[in-house]
Amino acid sequence: MAVTGDDTAATGDMPTYQIRAPTTGLPQGVVMAASPGSLHSPQQLAEEATRKRELRLMKNREAAKECRRRKKEYVKCLESRVAVLEVQNKKLIEELETLKDICSPKTD
DNA sequence: CTTTGTACGCGTCAGATTTT
DNA sequence: AAAATCTGACGCGTACAAAG
């Protein structure tokens with residue numbers, strides 16, 4: 001598969017798929033921590049840390065899904081653009097050949 | 001039927017980028 | 001500057017087709 005570093009950099013065109021969504025709501029019902037000031041025991045602190053980590057993982061999980069979805073869409077866009085350009089290119093080549101024929105000096 | 005190769009999606013981490 | 005968000009890379013599991 002050979003995955004080596006940057007991709008988009010080569011072409012220099014802005015990856016449209018990385019435009020940010022206006023608002024990122026939490027996936028499922030996520031309750032914020034009860035005011036951090038009210039935590040004391042190492043036990044509670046550990047639980048809080050675990051909760052924070054789980055929340056972060058959960059958010060990142062969703063973010064990754066969304067990121068992949070956008071990228072897939074972006075790739076589809078590029079592919080259809082390629083298809084269009086290929087057709088266009090073919091037509092231009094044909095036209096060029098026709099014009100060449102018309103303009104070529106006759107040998108009689 | 002089993003093995004092998006390939007494609008795909010997922011969760012996670014680390015680092016870059018953007019927002020506050 | 002800190003927090004939040006995004007994304008490339010990696011490893012893992014699953015599905016499926018082709019080969020043996």
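Every value quoted in this text rests on a predicted model; they were computed, and no experiment measured them.
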Rounded interatomic separation in angstrom, taking [atom1] from [X] and [atom2] from [N]:
X: A/Leu55; N: C/dT5; atom1: CG; atom2: C1'; value: 13 Å
X: A/Asn60; N: C/dA9; atom1: CG; atom2: C1'; value: 13 Å
X: A/Arg70; N: C/dG8; atom1: CZ; atom2: P; value: 11 Å
X: A/Glu66; N: B/dC10; atom1: CD; atom2: P; value: 12 Å
X: A/Arg68; N: B/dC8; atom1: CZ; atom2: P; value: 14 Å
X: A/Arg61; N: B/dG11; atom1: CZ; atom2: P; value: 6 Å
X: A/Glu62; N: C/dT7; atom1: CD; atom2: P; value: 15 Å
X: A/Lys65; N: B/dT12; atom1: NZ; atom2: P; value: 10 Å

[X] versus [Y]: any side-chain heavy-atom pair under 4.5 Å?
X: A/Leu92; Y: A/Leu96; answer: no
X: A/Glu48; Y: A/Arg51; answer: yes
X: A/Arg69; Y: A/Glu73; answer: yes

Quiz item: Looking for any heavy atom pair under 4.0 Å, which part of the strands does A/Arg69 touch: base, sugar-phosphate only, or nothing?
Solution: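 No contact.
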Can you name the atoms? Protein N/O to nucleotides 12-14 of chain C N/O, anything below 3.5 Å, with the distance.
none

Practice problem: Side chain of A/Lys71 only, please: which of C/dT7, C/dG8, B/dC13 is the nearest? | Solution: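 Within the option list, the nearest is C/dG8.
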Quiz item: Which nucleotide, C/dT7, C/dT5, B/dG11, lies nearest any side-chain atom of A/Lys59?
Solution: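 Closest nucleotide among those given: C/dT5.
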Practice problem: Enter the distance from A/Asn89:CG to A/Lys91:NZ here, rounded to the nearest 0.5 Å. | Solution: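 The CG atom of A/Asn89 sits 12.0 Å away from the NZ atom of A/Lys91.
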Self-check item: Gap separating the CG atom of A/Asn60 from the CD atom of A/Glu62, nearest 0.5 angstrom
Solution: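 Rounded to the nearest 0.5 Å, the CG-CD separation comes out at 10.0 Å.
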Quiz item: Using a cut-off of less than 4.0 Å, is there contact between a side-chain N or O of A/Arg53 and OP1 or OP2 of B/dC13?
Solution: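 Answer is yes, contact under 4.0 Å.
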Self-check item: Atom CD of A/Glu97 with >12 non-hydrogen neighbours under 6.0 angstrom
Solution: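 Buried by this count: over 12 neighbours within 6.0 Å.
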Practice problem: Give a yes or no answer on whether the side chain of A/Glu86 reaches the backbone of A/Ala83 with a donor-acceptor pair at less than 3.5 Å. | Solution: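 Looks like no, no N/O pair under 3.5 Å.
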